[in-house]
Number of protein chains: 2
Amino acid sequence: MMSTPRPRRSDATREAIRLAARERFAANGYERATIRAIAADADIDPAMVMRYFGNKEKLFAAAAEFDLRMPDVSAVPTGRLGVTLAAHFLGRWESDETLNALLRAAVTHPAAAERMREIFASQVATFAATILPDPTQATARAALISTQMLGAALCRFVLELPPVAAMPREELIAWLGGTIQRYLTAARP
Amino acid sequence: MMSTPRPRRSDATREAIRLAARERFAANGYERATIRAIAADADIDPAMVMRYFGNKEKLFAAAAEFDLRMPDVSAVPTGRLGVTLAAHFLGRWESDETLNALLRAAVTHPAAAERMREIFASQVATFAATILPDPTQATARAALISTQMLGAALCRFVLELPPVAAMPREELIAWLGGTIQRYLTAARP
DNA sequence: GTCTATAATTCGATAGAC
DNA sequence: GTCTATCGAATTATAGAC
């Protein structure tokens, strides 16, 4: 039986690198986030980054681990599922820059795009299957919801399209919530 | 009075470079689209690219000129505006890879993001103002429509999220059309 | 564990011959 | 107009001293 390993001192260094990498990937995308800049942010020698993570690919994989933490909606009235989910997604985006890092990297880096697809399949689609009766419909409806939430995040946080970035949070959630509600409950068009 | 200049032979070369650049920017984003690769695609010496366009920034600007060609909807019934616009956007995306180039580049390159904002302001928002009575509402509603269409294109063409990429074109247009229709005509939530 | 030095590429951009 | 040669900078990654 294995006991929990005592935290080594190096774990703090490793975590500092990981956090700095996440910030850089979120701000600059994959290519422009250089190991040198990440090391400088973490106040660590660039060679240490290579020692801890092997190469840039593996560093990104470690920095882009992400859990959407889909909420428990068992107590949410059916009619309020849309706004509940819209608020949850927006909250996750604002509280964890990993999603920004993933999106910025996924657009030019195939491995990051694959990670996005994994997150969709294992977290969004799985969640949708628990609240939608028809499992075949669940995947398509989860995908439609993803198009709207990713598009909103893209316009608000990445492109910073003025009307989207300036829209009050509650108003945006109300609009997006209505769309998600429709994707969840409307009949197939 | 100026007469139309006779096409010089060099114009063909210039256009070949521009088209190759558009393809590379669309496929790889700004950073990974190298001048060397673009020149190789166009079967032209890399030095010629610099001679014709000065630098990479200006080459991108030339390759990313784009017209959404918003349709004339004066004869479209109000209830079908949503699907009409959804079909138009999707068609433009499929017929002109400039939009893909813009999106891929905009996520990591500030100048490309600025171009996206310009296109929204000068083409999408302007169009919305012609079909929506309240001008203050028009900008916000145009922005919401953009979040949905950009998100759909992102998932279908860039991330290639399987359920979105595999969804039949007509079914996708029907779903998106309903959302756009709602953003155009629904009361503020 | 930490850091210096540097290898090996690759890129944008320039100079200049023809 | 076209192309060769190359500069100078930046990058990932490695080797090895301490």
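Chain A is the first sequence line, chain B the second, and so forth, proteins listed ahead of strands; every chain is numbered from 1.
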Original post:
To the nearest Å, how far apart are A:F60 CZ and D:dA13 P?
Top reply: 15 Å
Subject >> Interatomic distance where CD1 belongs to B:I17 and P belongs to C:dG12 [whole Å] >> reply: 14 Å
Subject >> Whole-Å distance separating the CG atom of B:D45 from the C1' atom of C:dG16 >> reply: 14 Å
Original post:
In whole Å, what is the span from the CZ atom of B:R32 to the C1' atom of C:dT10?
Top reply: 13 Å
Original post:
Within this structure, what is the CZ-to-P distance between A:R14 and C:dT2, rounded to whole angstrom?
Top reply: 14 Å
**OP:** Give a yes or no answer on whether the side chain of B:R104 reaches the backbone of B:N28 with a donor-acceptor pair at less than 3.5 Å.
**Re:** no
Subject >> Face-on cation placement of B:K58 at B:Y52 ring, 6.0 Å and 45° thresholds >> reply: no
Original post:
The side chain of A:A47 lies closest to which of these nucleotides: D:dT2, C:dT4, C:dA13?
Top reply: C:dT4
Original post:
In whole angstrom, what separates B:M48's CE from D:dG1's P?
Top reply: 6 Å
Original post:
Where the side chain of B:R115 meets the backbone of B:F66, is there a donor-acceptor pair that is under 3.5 Å apart?
Top reply: no
Original post:
Within 45 degrees of the axis of the six-membered ring of B:F53 and under 6.0 Å from its centre: does B:R14 put its NZ or CZ there?
Top reply: yes
Subject >> Rounded distance in Å - CE (B:M50) to P (D:dC7) >> reply: 17 Å
Original post:
Rounding to a whole Å, what distance do you find between A:K56:NZ and D:dA10:P?
Top reply: 15 Å
Subject >> D:dT11 OP1/OP2 closer than 4.0 Å to side-chain N/O of A:Y30 >> reply: no
**OP:** Among the candidates D:dG1, C:dA13, D:dA13, find the nucleotide nearest to the side-chain atoms of B:I35.
**Re:** C:dA13
